[in-house]
Structures are given as structure tokens and as C-alpha cells.
4 protein chains.
Amino acid sequence: MSETHPQPLNGDPAARVLVAGASGFTGALAAQIVWRHPRLELAAVTSRSDAGTRLDRLYPRYRVPLELTELDLDSLEGIDAAIVAYPHGASAPTVAALRGHGVLVVDLSADFRLRDLPTYERWYGDHGAPELLEGAVYGLTELYRDELRKAELVATPGCYPTASVLALAPLAERGLLADVVIDAKQGVSGAGRGGGDAMHYVTMDENSFAYKTEGHRHRPEIEQELAALGSPAPVTFVPHLMPLDQGELASCYAQTTEPISKAEAQALYADRYADEPFVHAVEGPPGLRDVRDTNECHVYVTVEERGRVLAFAAIDNLWKGASSQAVQNLNLMLGLEETEGLT
Amino acid sequence: MSETHPQPLNGDPAARVLVAGASGFTGALAAQIVWRHPRLELAAVTSRSDAGTRLDRLYPRYRVPLELTELDLDSLEGIDAAIVAYPHGASAPTVAALRGHGVLVVDLSADFRLRDLPTYERWYGDHGAPELLEGAVYGLTELYRDELRKAELVATPGCYPTASVLALAPLAERGLLADVVIDAKQGVSGAGRGGGDAMHYVTMDENSFAYKTEGHRHRPEIEQELAALGSPAPVTFVPHLMPLDQGELASCYAQTTEPISKAEAQALYADRYADEPFVHAVEGPPGLRDVRDTNECHVYVTVEERGRVLAFAAIDNLWKGASSQAVQNLNLMLGLEETEGLT
Amino acid sequence: MSETHPQPLNGDPAARVLVAGASGFTGALAAQIVWRHPRLELAAVTSRSDAGTRLDRLYPRYRVPLELTELDLDSLEGIDAAIVAYPHGASAPTVAALRGHGVLVVDLSADFRLRDLPTYERWYGDHGAPELLEGAVYGLTELYRDELRKAELVATPGCYPTASVLALAPLAERGLLADVVIDAKQGVSGAGRGGGDAMHYVTMDENSFAYKTEGHRHRPEIEQELAALGSPAPVTFVPHLMPLDQGELASCYAQTTEPISKAEAQALYADRYADEPFVHAVEGPPGLRDVRDTNECHVYVTVEERGRVLAFAAIDNLWKGASSQAVQNLNLMLGLEETEGLT
Amino acid sequence: MSETHPQPLNGDPAARVLVAGASGFTGALAAQIVWRHPRLELAAVTSRSDAGTRLDRLYPRYRVPLELTELDLDSLEGIDAAIVAYPHGASAPTVAALRGHGVLVVDLSADFRLRDLPTYERWYGDHGAPELLEGAVYGLTELYRDELRKAELVATPGCYPTASVLALAPLAERGLLADVVIDAKQGVSGAGRGGGDAMHYVTMDENSFAYKTEGHRHRPEIEQELAALGSPAPVTFVPHLMPLDQGELASCYAQTTEPISKAEAQALYADRYADEPFVHAVEGPPGLRDVRDTNECHVYVTVEERGRVLAFAAIDNLWKGASSQAVQNLNLMLGLEETEGLT
């Protein structure tokens, strides 16, 4: 493998893309997806902690033979777009600088997900670029497709909100949600690199537990989106870890404002997602293996005897829950086919 | 290892115990626990499908060097008690026969768990010994300790009801439960032997999904017990499988009939379980590894911002969820220390 | 997904391909690879046991929306090539019939791997089409590329021989092998569908063991190929199972006919595999994660203090060890780029 | 649980035992085994990095309610024996100090395993207490039982040497070993706490690889012991990691100085281990699950067609490979039953 080995592109690339923070799980995967994308050129991969290392040393399975460099905001010439995979809080200033250079940005952090500044400040602390909040588009593709085509700054949703909101959107859009409990389960990759003994193989093997039971930052994000769809319902949200690598299952328990039958609910979901390339209403409880390493979301809905609606969504937390959804949105921003490079 | 290798007993055994159906996961573990028990003698292990095989061939790790035989109801001489690990429906007639011979019975099936015959029939079909229902004691030790001391037939609770009811009992006993959602997760051993391709390593590895979303037999059992405690609340119950062997986590989301604070709830739980040898109110969300291969149940309760109570219980589904709880109850029935052979 | 959903092909398909025995692990994966292949058309998928079922029901993650049918040897019109994934022994007669109709065949069974009929009969029993043995080409692509371009019947190597021979080929070609021990480890998918309790998640979880220690059918196959390369050395071969799904590691311990230094050995390997698209001489012991879901083989060689050569090869047993190598060979047989549909 | 909760002892304790370095995997397990031991009293648990933390916070599943303190060599009054679980190199000075106070020591590090100082220095660097080497007894119980009864300083063997030497001892004792290849596989707990991203769940999940292929410190230890038994044969030793927690499998491939048949080898092993309480010659390749959480070692031997002997040993690397073997030896040093507290 040569360091200058170019991917075969179909004609000229639609954009030259920088991935900033490419040494973490989601940044590295985003880099790989861009690398293999038939219409994008991976112009650079950056990382403060691992600068000087080739990305395929850190992640051999991704096969991206580029050297990680330090991000230099003064040499962005020729960069059309950036995917930023920085920690919450650290992202905003860099995103602002990139936008200042006219670079299209898809941000993987939480910094531009919450439209309400006080809510952001409560859960994340000071915001580094509040002036950009208004223009940012929430990148849950299936809900904001039109806005995304014109967006210059996209906030990729959190992995839990992606699965949870897709599980509930058909109901929320009809204003049907009265009360929602979301029990979410995720593989260990969701915890990111690092983590020390808490993420040691020996700690997680044959183990499972809830965490952040006193409040998780993804709850206000889920509530924001359900309200935006028409159902400002209170949400109880509890995440769990499971002993697997990639995969996330949101099990949602909803009380509705008016009764809905199982047949009606299933028809509603089938209809809502009939034309979606990546979200499928399936015929039984979805399994994580069926969506691993894909941008897909499998959704199943049913209604129990006494009328509570049960809705399940399975995604790959690193793909549809982060990196591939980022590229799905970038495709739209660049006027490409939404599915390009993702199937 | 010799086939007649006796366990070292502290004095005379308190009882000679038969384990019927010892080739399944829960029967085999029950046999092991009895085998190592300082006051019990494992008199025989039976199995229709595996008769003639030594148990330590099927389950080397349990180290029980007895040969499985076919159950002969005409030669029960000297048998004081039996643990029956038959499938639902198949258990009742054998239990009736054993009781007819005066043998104390701890049944691991569902046949004597539901007190209401029509409810049993709806979920399980015809009942083989309905006349025994009234005298059967529900073997959730922490709730029925006094009755268990006098019991002659004990129905070991289902694994999900064990975790779920222990998670909710302190609230239920105060009549506080208004509405309950239980999202339960279990390792693959909960599915039992057999299962074919559905339980193949390749199917379950890196996988997780909900199942029986249209109704699981453990729901009426949970509702029965919560009502018996004082909270006849409707229960939504959905089980999931996770890629691990032994372990079960019940995540319970309860709306209460009157507000309760986090401090009050935690004090209530700490108090309720303060003297329990096996159930512990712990200080954070319980993990499965902490209870594996034990009769313990770790319970954690908290209350979210808007007042919903979150209660979590972790058990080993084969131990406290089945076989060790059976021995815990047998200890009581025989007048032994409840903890004997279980620590 | 429509049942007639065609894959987008680059121009006319190079061949219409049948996958026979598509309900097993390797057949199903072969069907998926053909389905996504830009130059092949998946004409039909067959299965005796699962006829009438759509393949994406059995293997949702492969997303092949075709219905399995029974193989009808009288209606092969328009079929140019077949990948046959039948059990050993059952394959030969079907392969003979397909060849009789002029269909190019890539066989995944062992039926045409051993060139010596008595050796086949010793390890597998009677042979159903011995007259085809002479014309069959052994499908270890990196060794038989020229023959494969002209082949009409290809025997895909066993998964263990693929990894083992690739690990040892550079030495074998120089006649350097004097004695070889191969300790091979494989994930549970290598055992195939079925398997009952032996392959139950609970059996294999946290477990590992050697098997077939008294002799495994892949040993004569490995010896045949090493001899063909120039090193008729005796081979000790022991396979093991590990608790993972896909992946195989062959650890080879070779005594050489003359001393070779670590630097010489590494140069030999680097040189031998420099131009291979899928086999890479890597710089340290290869890991299974790096080759999962790929047609790649990572090889590492070193020499210990006293002169024994250690050679390691990692592959995905279902991919390079079976199904993707079958397509790699089919590409050659059809005059396509060897890498087409595999990167 | 009270911090002063004493274990129930059978009469007076035989010894008051300190576990130094109790916050690592092997030290913590040693503390648990001592804690539950019917004849020992766990007097203190020490740790530099985690002093002030209760051990059952770090390892809830071990249920040892003692606070970790810093080791104070000036206040060892009443301490009869110590198990030292320090890193290699760091152990020797502390062991020397403890011995200076008359404390019996079982050391879990490598510092006293190699009898030859230059060999130690080559693999580990400077030795902190070479004057103690001569008096140290190598704690592979089954080989040095008589010496261990009189020992005051015992070096617990490495986990790999434990399995490897037990697999080969019956042959070595007859002087039969001419050449040995050992391919060893171990679960991730063998790597100890820490390890960072290399031991992250995501790194090891579905992964396996060889490591230390250019030379592992356990090789000279294995060679030392085989020579001591009568077979000074060269050893090739390569360790591998597998995706599981506890368990170790040594697969040994031996050429013998004179031919031995399978029947002779199996009789030799059956005879050699007939009276061993923890080492069993089993009838087929041993599996890790059968020995997990035990002090057992399962050994299987067979001979292949051309005469190479295959010997397999399975242990739990944390138990027989470290902590429980330490207590097995301590039992002997104290004149207790060897099996006490270990069954």
C-alpha cells in the first residue's frame, strides 16, 4: 500500500473532505467511509494525540493509508468540507473557524444539536460558538432532508437520539405521544476510545448494566426532536451497556394521546418508511446483527393488549448512529445521491 | 472420581433429595448445588433423554459423578424431597405423583406459579394437577418466607418475575405502583438447552433483540405478585436476549400513586432489604458480573427529575432465577438455615 | 425490497451464476458476494431443506431478496456458472451433472481437493465422480492463478489449508520445509449451521478446545499442497475452536532443511506476496479483526533464536477460507479482474 | 456488610495472611480465596495505587469487605504469611523485607522462579534480592510437594509454565522429550489490569493473535522445569490472546527420544496424575469452561500417526495459573490439607 494510493473516483470528486479528530472511533470510521466513497476525496485526516501515525496503523481494518496530521486552520486551501469528530465543547471553536474559511461542516459532537442555548449550557457547559446555533441543521436525515440539502453546518444526532427518534417519529408526527420510556442498549464501542479499566475487556465481558440513570445528555435532545415533530411528551431515557462491539437497540414504551391499534400502528410505520433507503419497518423485533456495519435502521412497532405502543429500533451506533449518517448528510449538502458510498 | 464418591456431610443429611429433569440447564445446576450442600444428600438424578449418561459427562464443570436414570415413581423409598425441572405442562403430573408419595417438592416449572387456573390455562394450556394449586407456595423467598417453612409444594418463580418483583417489591408493598414498564434483558442460558440455529453461537454472537413482544407468560406472574403485595398495577413487560451466558437485568420504570423522592425511595429499599442475606440494595446500577454464579440479587432504585421511579435488579438467571432459589426454599422447608449451601 | 430487485451491473453481466446449497453459511455468503458483484448476475439460489424461503429471511444481514428453490438439473438454461456449497460426498454427483450441462463449477466441498483417489477415500469415503478429479484445479488462487484462468472445475481449498499453505508457501516453494506443526484456531462459524448443543451459545461462550486431535481431513490436503510446491514435509495439524464468529489463525512452526535468518525469511515473504492483491506480509503477528469480512490473508514470519521458523496467517474462514475465494477464482475463470466484487 | 465481618473459621486460624498488591487481578483473587478459606485469616490487603478503597468496591464479585492500605513493613506484627502480587522486579525487595521479619512468603511475580541469575537478568533485568534465589521453592505443587512443605519462600509459577509443564511432565520425567513446540492461548485477564486501548473491549472482541513471537519470558522457565524433570529439551513457545476472560490452553507438540504409543502415553498420564487432587488426565481435548474458577488442570495426551505426541492442558489462568495455586502451596507450607479452601 502506498501512502499516495488514491481511491478510484467516478470522474472528478464532488468535494475534497477533511476529517478532523480521525483517531477516535467515529472519526476513523468517517475517514474510511469517505476514503471508499466514489465521489469524495479524503484530503486529510487530523488528530492532535496521534499526529504522525498512519491511520491504518491505528485501525488496520479500515485500510486508510494516510498519515494523521495536526489540524492547521491556516492551510485549508482546497478543502471543501469537513467532518469534525471532536469531544463536546472542543468542537464548537474549530467548527467556527472552519466555517469562517467557508468550509462545509458536518459535526459529530453535541455542540450544535440542541437549539436552545440554556439547555445546552445545563448539560454541557459553556458554548464556544453560540452564534452558529441558529444556522445549524439537525442531521437526522429522514426528518430534515430538505434543510440538509441547503445546510452549511450539520449537527449529527447522538446515537441514542438517532435510534430513539426513528423508532418514535411516525407516532410523534401525528402528535400521538403522551409519555415515553426509552430503554436503550448499546455495545461498548459507544463508550469511545480510552475508558481505562471501565472498558477493559475483563470488565465488560459477560456484563451488562444501566448507566447515567440520574440523567443522560441525550434525553433533552430526544425531547427536542419529538416536540419538533409535534409531540412535546416527557421522556424517560435510560442507557445500558451490553457485551458486544457495535450495535444499539432502542426499546420504546409509549402511551398515546388516543388509542391506536396494532394494525394501524404497523400500517403507519410501513407507510412512513416505505420510501426511505435506509430505514425499514420490519416484521418482528429487530436484531443488531442485521444492521451491523451498515447505515440501516430497522424499526418494529406493535401494541400490547392494554394499548401501550412498543417501538424498537436497531442501528449500528458507529454507522447510522454517527459516521455513516454524517456522510449521508454530506451527500445531501453536496447535491449527491443520498445513498452514495453507503451501500 | 468414583461414582459413589459421597460429599462430606456435616452429620446426618437433613434430607435425601432427587433432582428430576437433571439434564437441562436448571436441573443440572440444582443437582450440583444439592451435591455440594453440607446438609443434603443427592440421592438420584433423572432424565428421560439422557438416562444412562453420567451427569459430569453432560456438564463437566458441575462435577456431579452420578449417572442419570429414568424416573421410577414406584421406587422412591428414602427420598425426602425432589426438585423437579420439567417443562411447563409436563411437570404437574409428576409433581402430583411425588406428592402422592409424600415427597416434598420444589418445582421449577410454571405449573404452580399462577394461582388463578383460567390465567394458567390461557398462557400454558390444560393443567395436569389443578387440585394442587391451592396448596402450592410461591417460592420468592423474600416475600413468602413464613409460608415456605411450612410448604410441601413450592413453585419456584420464573427468572424474570424473580428479578422484576424484587426490583419493585418495596414500592408494591406500600401500594405505590400505578403503572409499570419492565424492560428485561437476559443471557442465552435463559433459553435453555436445544434451540437449534436460533441459539447457535453464530446467531447470538454480537446480537441482541427483544422477543415475545406480543405477550410473554411471565407478565401475568409479575402482575399476580405485585397485586398480592398491594399494587394491582398494569405491567408492560418485554424480554430481550443479550450475548452472554448467565445473567439477567430487569430495568423497571414505574409511575407511582403518589410522589416519592429519590432519598425516600432509596431509604425504603435500604430498609426493606437490610436484613436479607441475598438481596442487597446497592449504591448504583447493578452489573451482571457482580452476581454471576451466586444466589444474590442486587437492587438499585432512583427517581428521575419528573418523578418516575427507576428500579433495577440484577440476578443470575440460573441461580437466583431458578436453581439456587429452589435450594434456598428447600432449606426453609426442611428447617435448615436459609443460606446453607448457598454461600 | 422487491424480489426482482436487480443489482446495478456495469454493462452486461459476464455470467449468470447459480449458488447451490445457499442455505448454509458458506453458500449464503457466496450468494451475497455474487449478488453485489458488479459483473455477475445471481441467477438462482437453491437449497433442499429451505426451498420456498427467501434467503434474506434466513440471513437478513446478507440482503439477498431471492427465494431458495430446489435445484432442478433439467432447467439450467442460461446458467453459465455455479458455486456448489454441498456437504462432502454429496457434492460430486451434482458437480458432475452441472459439468455435463457445460456449467462452469466452483465447488466448496472437499470432493475435488485431493488429487489422489485413495487418499480421498480414506478420509471421506467413496467418491461420486472420480473421473473429474484429474481436470479439477485446486483453487488456492495465489498458487494456481494460471491454471484457474483456464479451469472449468475448481475445488475451493478448505479454510485451514488456505491459511496454512499461504503461511508456509514462500518456504515450501524453496524446498525449505523439513517438518511442520500447525496449530490452527477458528471461530464457531467454521463449524457450520446445525451442531445442536455442541454449538449452542452457552457451550462455546468463554470456551476453547482442540478437536479432531486424532486426525483431521485437512492434514492430507495441506501435505498435498506443500509437496506440490516442493516441500513434501510431514505435517502435524491440530484445529481449535475459539469463542468468536468469523476468523481463523494458523500458527505454523517449521523446521527447515537449511538455516534461514529472520531477515531472510521476512524478505522472502515480502517479496513473494508483494504483488498479491489480497495476501499481505505484515509487520507483526496478524489479528483476526483486521481481516474479518474480507478476502484478505495477513501473513507474518519470524525466526526464533534456535532457528525454528514461525509463520502466522489470519483469514476470515467464511471469506478467503471459502466463499470470497470461490468468487476470486470465478473471476479468473471468467476472464474478469481477479479483485472484482471483492474490495 | 460490615468491615469487620469475620469469616467463620473452623477453630483458630492456622495463619494470619497478608495479601500485598491486592488491587491487581491475581492479588484480588488471592485475597478472596484467603478470605473464604476455612483455616486462614485475611489480616490485611494492601495496594499503593488504591489505598483507601475497599476491595469490594474494586471487585464487587469477590465480596471482600476490607479496605486496601499501604504496605507498612514496620507493622507486620501478627502476620504469619504473605502472598505478594507485585510486578516483576518490584517484588524482590518487598519479599526480602517480609522474609526479614520472618513472614512466610508466596510470591506471584517472576522474581524467584528462575534459579539461574544470569537467565533472570537477561529476561527481567537486575534482581533485587539474588541472595534469596537459592532458598526459593518453585511452586508447581504437583512437582515440588515435599519441598513446599518445608518452604519459607515460594515462587508461584507463571500461568503458561503451569499449564505447559503439567501437560508435559509425565513425558519429561521419563526423559522422553526431544523437542517441544508449545502453542498457548489465554483469555484477556492474563494481560492484567490496565493495558489501555490494547485491552479495550473493542480491541479484543472477535479478535485473536499471537504476541511476543520474538521471545516470551516464560520460555526459559518452562525449559528450566522440563530440564529439572529430566528432559533438557529446546522449547518453542508462542502465546496467543483469545476473546474470553479467564482460561488458558497449552497445546504441546513433542518429539520424543524414543517412540511411544498412544496407549502407552495415555496410561503414563493416567498413572502419573491418578492421585492428584487437582490435575486430571481426561479422555479428550480439555475445554476451558470445565476448569474456569477452579484450581483444576485437565490434561489430555495422544500420539499422532507418525509418532508426535500431542499434549493439552487447560487451566484457569487466574486460579491454578496464579492465585489458587498460591494458596495450594500456602496450605502445604502451613501443614494444612493441600485442598483446603480450594474445592
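Chain naming here is simple, since letters A, B, ... match the order of the sequence lines and numbering starts at 1 in each.
- Ring geometry for B:Tyr201 versus C:Tyr201: interplanar angle under 30°, hence parallel rather than tilted (30 to 60°).
- In this structure, the separation between CD on B:Glu206 and CG on C:Leu244 is 9.5 Å, given to the nearest 0.5 Å.
- B:His200 contributes a side-chain N or O that, together with a main-chain N or O of C:Gly192, makes up a donor-acceptor pair within less than 3.5 Å.
- Comparing C:Pro243, C:Gly195, C:Gly187 by how many heavy-atom pairs each has under 4.5 Å with chain B, the most go to C:Pro243.
- Going from atom CZ of B:Arg61 over to atom CG of C:Asn207 covers 8.5 Å, rounded to the nearest 0.5 Å.
- The backbone N or O of B:Gly194 sits less than 3.5 Å from a side-chain atom of C:Asp197, completing a donor-acceptor pair.
- Judged as a salt bridge (charged side-chain N to carboxylate O under 4.0 Å, His left out), and not counting sequence neighbours, C:Glu70 has no contacts.
- Atom CE of residue C:Met204 and atom CG of residue B:Asp245 lie 12.0 Å apart, to the nearest 0.5 angstrom.
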